[in-house]
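Data first, discussion second: the structure below is written as structure tokens.
We name chains A, B, ... by the order of the sequence lines, and we start the count at 1 in each one.
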There are 2 protein chains.
Amino acid sequence: MKKITIGEAARQSGVKVPTVRYYESIGLLAAPSRSEGNQRSFEPADISRLAFIRHARELGFEIEAIRTLLTLQDDPHQSCASADAIAKARLVEVEQRIRSLMALKAELETMVEGCGHGRVDQCRVIEVLADHGQCTHPHH
Amino acid sequence: MKKITIGEAARQSGVKVPTVRYYESIGLLAAPSRSEGNQRSFEPADISRLAFIRHARELGFEIEAIRTLLTLQDDPHQSCASADAIAKARLVEVEQRIRSLMALKAELETMVEGCGHGRVDQCRVIEVLADHGQCTHPHH
DNA sequence: CTTGCACCTCTAGTCGCTAGAGGATGTAGG
DNA sequence: CCTACATCCTCTAGCGACTAGAGGTGCAAG
């Protein structure tokens, strides 16, 4: 077996070097074996695991959710109901966040459009911020 | 003048009591005068300022952006170009975030739909997470 | 053999709060 | 006036998920 350094692992998985060490420190990744000079030596399986974590993080899953997903992955005979539930919960979160951001976007657009590019005392941006009652879109 | 306690200020502005103290500590809100017994005594203007901050936070502006917006509000003769720029930048951020979340939503939906509710080794949720190449939507 | 990069551990910082300890003040009822 | 109780005070530490930096060691190429 060729030894995979932490730098290689980082490059291949797309996770930064300090983040790899961080994941090890919180027990998301098993501590790898070490070289004679005390340097980490990873296995290909570790790269896959790191890629899994990275992808899940990109999808916005929290570390604790990922921890659960990883234990599910480690034991393929389990029911995937938990994985399904976690993904569904995340989907609901994302949908809510999108709705909220759309309302936000509308309000920011109104603010920016209303700005006459003059002085602050006529600025709609400042004005709207100061007076929530001027919000056209009920969101927050 | 009637004295406004921190609790009243919090209730009227919708900012929590510890958060009001936090805003004071970071200099976003001027330190108010104190009662004989060392308790904070706010002015109506402080309530407006807190409401402004809260609204801006709800719109996702960062504290440093709010600090700038507040100094602009404090001097109404300035050009509102900065306020305009800050709001526009925030708008761009929000639009980007929405796009990214939409892609995410699509991917999560594919994952959840593909789940046969069986065992983990057939679970599309786990599978897609493990292999980024299966992503139908190029986003991250 | 030296240069220089990659690696090691450890601590502290980021952002925007939030929680809790331990004590002082203010107010309403008896 | 006394007591109960809510509210206030300061201070420190914690959250999530890293990121930055100090100060030192390993290793491979020229």
Rounded to whole angstroms, how far apart are [atom1] on [X] and [atom2] on [N]?
{"X": "Y23(B)", "N": "dC15(C)", "atom1": "OH", "atom2": "P", "answer": "14 Å"}
{"X": "E58(A)", "N": "dC18(D)", "atom1": "CD", "atom2": "C1'", "answer": "15 Å"}
{"X": "K3(B)", "N": "dC8(D)", "atom1": "NZ", "atom2": "P", "answer": "12 Å"}
{"X": "E24(A)", "N": "dC7(C)", "atom1": "CD", "atom2": "P", "answer": "14 Å"}
{"X": "R67(B)", "N": "dG16(C)", "atom1": "CZ", "atom2": "P", "answer": "10 Å"}
{"X": "Y22(B)", "N": "dC11(D)", "atom1": "OH", "atom2": "C1'", "answer": "16 Å"}
{"X": "E8(B)", "N": "dA6(D)", "atom1": "CD", "atom2": "P", "answer": "17 Å"}
{"X": "N38(A)", "N": "dG24(D)", "atom1": "CG", "atom2": "P", "answer": "17 Å"}

Nearest to side-chain heavy atoms of [X], which nucleotide of [options]:
{"X": "R57(B)", "options": "dC7(C), dC18(D), dC17(C)", "value": "dC17(C)"}
{"X": "S35(B)", "options": "dG26(C), dC9(D), dC7(C)", "value": "dG26(C)"}
{"X": "I63(A)", "options": "dA17(D), dC7(C), dA28(D)", "value": "dA17(D)"}
{"X": "Q39(B)", "options": "dC7(C), dT18(C), dC8(D)", "value": "dC8(D)"}
{"X": "V17(A)", "options": "dC7(C), dT19(D), dC9(D)", "value": "dC7(C)"}

When all nucleic acid strands are considered with a 4.0 Å heavy-atom cut-off, which category describes E62(A): base, sugar-phosphate, or nothing?
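Sugar-phosphate only.
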
Of E64(B) and G37(B), whose closest DNA chain C nucleotide lies nearer the 5' terminus?
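Taking each residue's closest nucleotide, the earlier one in sequence belongs to E64(B).
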
Does [X] put a side-chain nitrogen or oxygen below 4.0 Å from OP1 or OP2 of [N]?
{"X": "R21(B)", "N": "dC9(D)", "value": "yes"}
{"X": "T19(B)", "N": "dT18(C)", "value": "yes"}
{"X": "T5(B)", "N": "dC8(D)", "value": "yes"}
{"X": "K16(B)", "N": "dC17(C)", "value": "no"}
{"X": "R40(A)", "N": "dC7(C)", "value": "no"}
{"X": "R34(B)", "N": "dT10(D)", "value": "yes"}

Does any part of the side chain of L70(B), heavy atoms only, come nearer than 4.5 Å to the side chain of Q73(B), both counted from C-beta?
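Result yes, sub-4.5 Å side-chain heavy-atom pair found.
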
About how many Å separate CD1 of I98(B) and CZ of R99(A), when rounded to the nearest 0.5 Å?
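If we round to the nearest 0.5 Å, R99(A):CZ and I98(B):CD1 are 12.5 Å apart.
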
Nearest 0.5 Å, what's the CZ-CD distance between R34(A) and Q39(A)?
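It comes to 9.0 Å.
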
Does E62(A) CD have over 12 foreign heavy atoms under 6.0 Å away?
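Check fails, neighbour count at 12 or below.
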
Where the side chain of R97(A) meets the backbone of L101(B), is there a donor-acceptor pair that is under 3.5 Å apart?
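Pair absent, no side-chain N/O of R97(A) close to backbone of L101(B).
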
What pairs of donor and acceptor atoms, side-chain ones from residues 19-29 of chain B against any protein atom, are under 3.5 angstrom apart with sequence neighbours left out?
unit_1, atom_1, unit_2, atom_2, d
E24(B), OE1, R40(B), NE, 2.6
S25(B), OG, Y22(B), O, 2.7

